[in-house]
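Here the structure comes first, spelled out in structure tokens, and everything after it is commentary.
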Protein chains: 2
Amino acid sequence: MGRIKTENNSSRKDVIIKKAAELFKEKGFKAASMRELAEVVGVEAASLYNHIRSKSELLHLICFNVANRYNLMMDEVESEKTTSLQKIEKIVRFLIAGMVHNFEEVYVSDREWKYLTEPYLSNFQAQRRAYRKRFAAIIEDGIKKKEIKKIDSTTAVLIMLHAISGIESWHRSKEKINGKELEENMITILVGGLRK
Amino acid sequence: MGRIKTENNSSRKDVIIKKAAELFKEKGFKAASMRELAEVVGVEAASLYNHIRSKSELLHLICFNVANRYNLMMDEVESEKTTSLQKIEKIVRFLIAGMVHNFEEVYVSDREWKYLTEPYLSNFQAQRRAYRKRFAAIIEDGIKKKEIKKIDSTTAVLIMLHAISGIESWHRSKEKINGKELEENMITILVGGLRK
DNA sequence: AATTTACGCTAACATATGTTAGTACAAAAG
DNA sequence: CTTTTGTACTAACATATGTTAGCGTAAATT
């Protein structure tokens, strides 16, 4: 057959990663086979290995791509001179936008990271923990400054992150409200629920 | 080897289902093998088939067990003469309690249902949809009666259900706050975020 | 135009997996 | 005690899976 079609200076490897994210999201990492991936890419399974080292490389590329973006976002938010509530709102909006526009990748990173192999697994978990701590610290700061209700910050982080990852169902649903509307609803409930 | 040990008039099949839920939760349905399950049950893989029909039977037993409990709970809540907010609080408390006390089973039903086979898959999805609709209807009722902020009820349901399923992370975490405290925190944020 | 590189193919591998067949023996029922 | 039933075992199966080896050809480089 012909070669893998690329577009806009993305490499063939990028194409494979993109399709892998879609497949892993749909079937789950373990249930998705390299032969299936090959088929959606339009090539034989063995040919994939001219571009990637292994199936698990695909997973860790996807996961760390997302993790890196989150870290950069956190750096940015922390450096801003805004109120805690504004910071939280910015984080939540960023996460929602990620869920809406980079859905497959974010979803896979969220749900399938446990199939990472060492040392990537430990590394990923550490980043995840660190990132949640930073989020919790912002909330605690807001509580100290009396902008935010007195609640357990760890629980609040947990609620917000998981509520957002629930946008998955929104993707599945037929009677979709639009993305912007979804975002405003979530801000109302999540951020509104914190405000003192 | 010896036989599967049962206790308190639970059948050997029940023991297998329980262990299967633990294993499916830990490894994911696809990644968990019957040989692994056999090992934790303390028996050879082939012996499991004296008690169950197939691996996928295990999954659908787990999923429908949870689904049935949810439906019963919904029936009960709907029949009560309480305010919408009280109904919502009751649902949320029920769900949190389920997450805390029947963790493995609920987790599997939440995350692994997509590996159900037909006709169970369609049936399960239908029940899930119905159950969410009922939940949303309660919220809409509360909005109509001005107990609840004017928000999109579907989004609110989505947020609450996923926030609760995030208790998974609470199970993993070391510095666990206690279950009751977690529950109160979640009620504050989730139900508090709805109140007008 | 000649050479090198990139990339696709077929074939095959080793292993893992769900499941069945057939057998032996312990527990329960009579 | 004898019979029947339940339950565990070993062996084997068919299939699916990730991956590698080796080869040919189109694309890129010189």
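Convention: sequence-line order gives letters A, B, ...; per-chain numbering from 1. The structure presented is a predicted model; accordingly, all values stated were derived computationally and were not measured.
A straight line from NZ of K27(A) to P of dA16(D) spans 12 Å, rounded to a whole angstrom. Atom CG of D14(B) is separated from atom P of dT7(D) by 12 Å (rounded to the nearest Å). For L48(B) and dT10(D), the CG to P distance is 13 Å, given to the nearest whole Å. In this structure, NZ of K55(A) is placed 15 Å from P of dA16(C), rounded to the nearest angstrom. Regarding E57(B), its CD atom lies at a distance of 16 Å from the C1' atom of dT20(C), rounded to whole Å. The nearest whole Å value for the distance from the CD1 atom in I52(A) to the P atom in dT20(D) is 10 Å. E39(B) places its CD atom 14 Å from the P atom of dG18(C), with the value rounded to the nearest Å. L59(B) places its CG atom 13 Å from the P atom of dG18(C), with the value rounded to the nearest Å.
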- Might you work through the salt bridge (charged side-chain N to carboxylate O under 4.0 Å, His left out) test for K18(A) and D14(A), ending with a clear yes or no? CA-CA 6 Å; K18(A) 185 82 205 311; D14(A) 293 335; over 6 Å; no
- Does the pair Y120(A) and F124(A) meet the rule for a ring-ring contact (aromatic ring centres under 6.0 Å, His included), with working shown? CA-CA 6 Å; Y120(A) 301 102; F124(A) 186 85; over 10 Å; no
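One N or O on the side chain of K55(B) and one on the backbone of A32(B) form a donor-acceptor pair closer than 3.5 Å.
When distances are taken from the side chain of M34(B) to each of dC9(D), dG18(C), dT17(D), the shortest belongs to dG18(C). With distances taken from any side-chain atom of R3(B) to the nucleotides dG18(D), dT7(D), dC7(C), the minimum falls on dT7(D). In the set dG18(D), dT17(C), dA21(C), dT17(C) carries the atom at the smallest distance from any side-chain atom of R35(B). Closest contact between the side chain of Y49(A) and the listed nucleotides dA11(C), dG18(D), dT19(C) involves dG18(D). With dC9(D), dT20(C), dT10(C) as the candidates, the nucleotide lying closest to the side chain of E44(A) is dT10(C).
Applying the 4.0 Å criterion to OP1 and OP2 of dG6(D), one finds that H51(B) has every side-chain N and O outside that range. Under 4.0 angstrom from either OP1 or OP2 of dC9(C) there lies at least one side-chain N or O belonging to S47(A). Using a 4.0 Å cut-off, no side-chain N or O of R12(B) falls inside it from OP1 or OP2 of dG6(D).
Atom-to-atom distance recorded for I139(A):CD1 and I151(A):CD1 is 6.0 Å, nearest 0.5 angstrom.
Across all strands, A32(B) comes closer than 4.0 Å only to sugar-phosphate atoms, never to a base (heavy-atom distances). Using a 4.0 Å heavy-atom distance criterion, S33(B) is classed as a sugar-phosphate-only contact.
For the pair R53(A) and E36(A), both in contact range of DNA chain D, the more 5′-proximal nearest nucleotide belongs to E36(A). Positionally, the nearest nucleotide of DNA chain C for S56(B) lies more toward the 5' end than for the other of S56(B) and N50(B).
The pair K25(A)-E168(A) fails the salt-bridge criterion, with no side-chain N (NZ, NE, NH1 or NH2) lying under 4.0 Å from an Asp/Glu carboxylate O.
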